[in-house]
Amino acid sequence: MQISKIELGEGLKIALNALKTNRMRTILTTLGIFIGVIVVTVIISVIQGLNAYVKKEMSGLGADTLYLSKMPWIFRSYEEYLEYVKRRPIEEKHYKFILEHATLADVVAPELDTRKTVKYQNESLDNVTVVGTTDAYSVTADAVPEQGRFFNMPEVEFRKNLCLIGSEVSEKLFQDENPIGKRMKIGAHHFTIIGVLMKKGQVFGESQDNTVIIPYTVFEKQYGRRNYMTILIKPKDPRQLEALIDQLTGLMRRARGLEAGKPDDFAINQQSQLMDLYNQLTRVLWIVLIGIGSISLVVGGIGIMNIMLVSVTERTREIGIRKAIGAKRSIIMWQFLVESMFISGIGVLLGILVSIAIALIVRSATPLPVNISTWVLFLGVGFTVTIGLFFGLYPASKAARLDPIVALRYE
Amino acid sequence: MLIELKNIVKDYQLGMDTVHALRGVDLKIQKNEYVAIMGPSGSGKSTLMNLLGCLDTPSSGIYRLNGSNVSEMDDDHLAEIRNREIGFVFQNFNLLPRASSAHNVELPLIYNGTPAAKRKELAEKALKKVGLGDRMHHRPNELSGGQRQRVAVARALINNPSIILADEPTGNLDTRTGDEIMDLFEELHESGNTIILVTHEEYIAEHSDRIIRLRDGKIERDEAK
């Protein structure tokens with residue numbers, strides 16, 4: 001079957017005229033597809049935005065940083081939690097043992113934390129995160145001094161009361177003053193400020209800059225050993241992360257004196273575990289929402305089929321005239337397919353436009369970086385063609401197969 | 001020979017019954033003849049017209065139109081033949097209601113792929129020929145019945161078909177307008193067209209040179225004047 005360009009053009013014109021004549025009907029028919037497209041594209045975009053947001057937040061944890069601690073980050077029940085709580089704490093000796101023996105590790109930093117009130121002259125700030133660590137923390141936690149310096153190992157060994165402050169603490173307590181060299185109170189003890197950290201922003205809505213960093217030795221002396229220590233470890237070669245985990249497991253079992261066959265009583269956590277959990281949770285959500293969107297698109301498509309059948313019936317006489325005069329089946333088919341694809345196309349186009357608007361609103365009203373990506377647009381074009389073709393095919397072939405004698409007699 | 005029908009039979013299945021619409025029709029029509037087909041309703045007149053117009057194919061028998069056997073062609077092939085060989089004029093005009101006269105007249109040219117400029121030129125010429133040069137852009141509902149039928153005649157003419165097939169062309173017109181249309185056919189005949197007229201009105205059939213009378217699916221009489 002061949003259709004000439006002229007015939008294609010005529011089909012296009014007929015379809016457009018038909019849509020223009022039945023403007024209200026076209027708009028109403030389009031509505032189903034319109035809503036379906038909005039549902040699908042907005043859902044996809046919001047989920048993508050959420051993914052990007054979570055990924056960005058989690059990247060604060062460092063993709064290749066291992067977090068060795070007593071408790072795993074993820075547990076399935078309260079009972080499990082109670083088991084973990086009973087484990088022996090991670091202590092300074094473990095940190096030192098790993099520092100000495102973990103040959104695959106590039107940097108090893110202990111981390112102890114608590115919350116205290118900090119004071120400078122008459123100003124005070126509550127609920128500031130106090131971290132006890134070493135200068136390795138600047139690498140493992142990306143805590144880089146913007147002014148001043150980090151404390152060095154001798155200063156840690158000698159338990160000097162030195163501290164670095166986060167940018168938020170600096171702004172709130174010192175405003176325009178230079179904090180370097182000033183003495184401030186963290187809880188009940190006095191510290192000399194030797195550095196101000198670079199601004200880090202928020203992770204999961206919590207400011208990373210409302211913090212002070214002190215030597216972990218000082219932390220243990222002043223604020224006690226009851227706090228859980230976490231050891232942050234970065235590999236020399238990110239590709240050897242698994243080998244490092246094995247090495248750390250071996251070292252810890254030795255340090256803990258665990259006999260063969262006994263389970264580990266510590267956990268080596270990493271960002272990817274959280275990512276996996278997140279992906280698991282959202283996969284179900286994703287499937288459900290896409291299902292809803294698809295259903296609304298199919299309903300929209302059925303609407304198109306319905307109106308196309310009406311259109312074919314209304315124009316039976318016209319089809320008869322065209323066939324009598326020499327229109328082939330294919331050209332009649334084309335004429336109606338164009339019409340149904342136009343209806344679905346208008347729906348998809350408007351749907352995408354409104355979706356973009358919704359995405360912009362969501363982006364400005366929430367922290368989610370919602371974006372309509374180009375592949376969603378391609379998806380839209382795909383939907384148009386598929387829905388238009390699929391649901392237009394039956395009415396169009398019905399029109400094409402009409403017997404001209406019967407059609408000409410149709411009143 | 002322009003048209004040659006050999007032992008044409010057409011049966012319809014109507015529920016459980018078989019209707020024998022044509023029971024063996026033999027007919028020859030030469031180029032530039034002016035033929036009227038007459039007969040009471042149920043005589044097979046419409047069926048014969050549908051077959052002659054290639055809107056349908058016979059149950060058996062052979063129909064040769066301009067040398068090619070159209071009795072066994074498929075739908076699309078028939079559409080091509082209709083486009084090239086036949087110009088229809090119907091009782092109820094059968095114009096596209098939302099299209100201008102010019103577009104209605106152009107229609108057959110669209111389906112044989114004539115470029116737009118050429119179509120416009122030919123449509124204008126055809127409309128002038130039927131005396132509607134000043135009604136090019138009117139829609140059917142802005143025209144009188146006679147004018148509408150003239151548009152239909154122009155449409156039938158535009159492709160220079162072998163046959164102009166007119167089915168009760170004056171049936172929806174008053175006597176005076178009907179006569180005008182018949183005069184138009186007379187002119188077309190004189191300028192070399194072959195015209196087949198289907199009618200049940202004696203005075204309309206009188207315009208033709210040869211009257212074929214059908215009864216019960218067979219040719220009862222075939223007389224030239």
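To find a chain, count down the sequence lines: A is the first, B the second, and so on, and within it residues start at 1. The figures here come from the full heavy-atom set of this structure, side chains too, leaving out hydrogens, waters and symmetry mates.
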| Options T114(B), N159(B), I86(B), ranked by heavy-atom pairs under 4.5 Å with chain A, top entry | T114(B)
| Which of A116(B), G113(B), A156(B) touches chain A most, by non-hydrogen pairs under 4.5 Å | G113(B)
Of the backbone (N, CA, C, O) and the side chain (C-beta and beyond), which part of [X] lies under 4.5 Å from a heavy atom of chain A, both, or neither?
X: N94(B); value: both
X: R84(B); value: neither
X: S46(B); value: neither
X: L109(B); value: neither
X: H103(B); value: side chain
X: N112(B); value: neither

Ion pair check, [X] and [Y], cut-off under 4.0 Å:
X: E80(B); Y: K328(A); result: yes
X: D216(B); Y: R23(B); result: no
X: K10(B); Y: D56(B); result: yes
X: R315(A); Y: E339(A); result: yes
X: R148(B); Y: E142(B); result: no

| R98(B) side chain to N17(A) side chain, donor-acceptor N/O pair below 3.5 angstrom | no
| message | Distance alone, cut at 3.5 Å: any donor-acceptor contact between the side chains of S162(B) and N66(B)? | response | yes
| request: Examine whether an atom of R322(A) lies under 4.5 Å from a heavy atom of chain B, and if so say whether it belongs to the side chain, the backbone or both; otherwise answer neither. | output: both
| Most contacts with chain B, counted as non-hydrogen pairs under 4.5 angstrom, among R401(A), E318(A), E10(A) | E10(A)
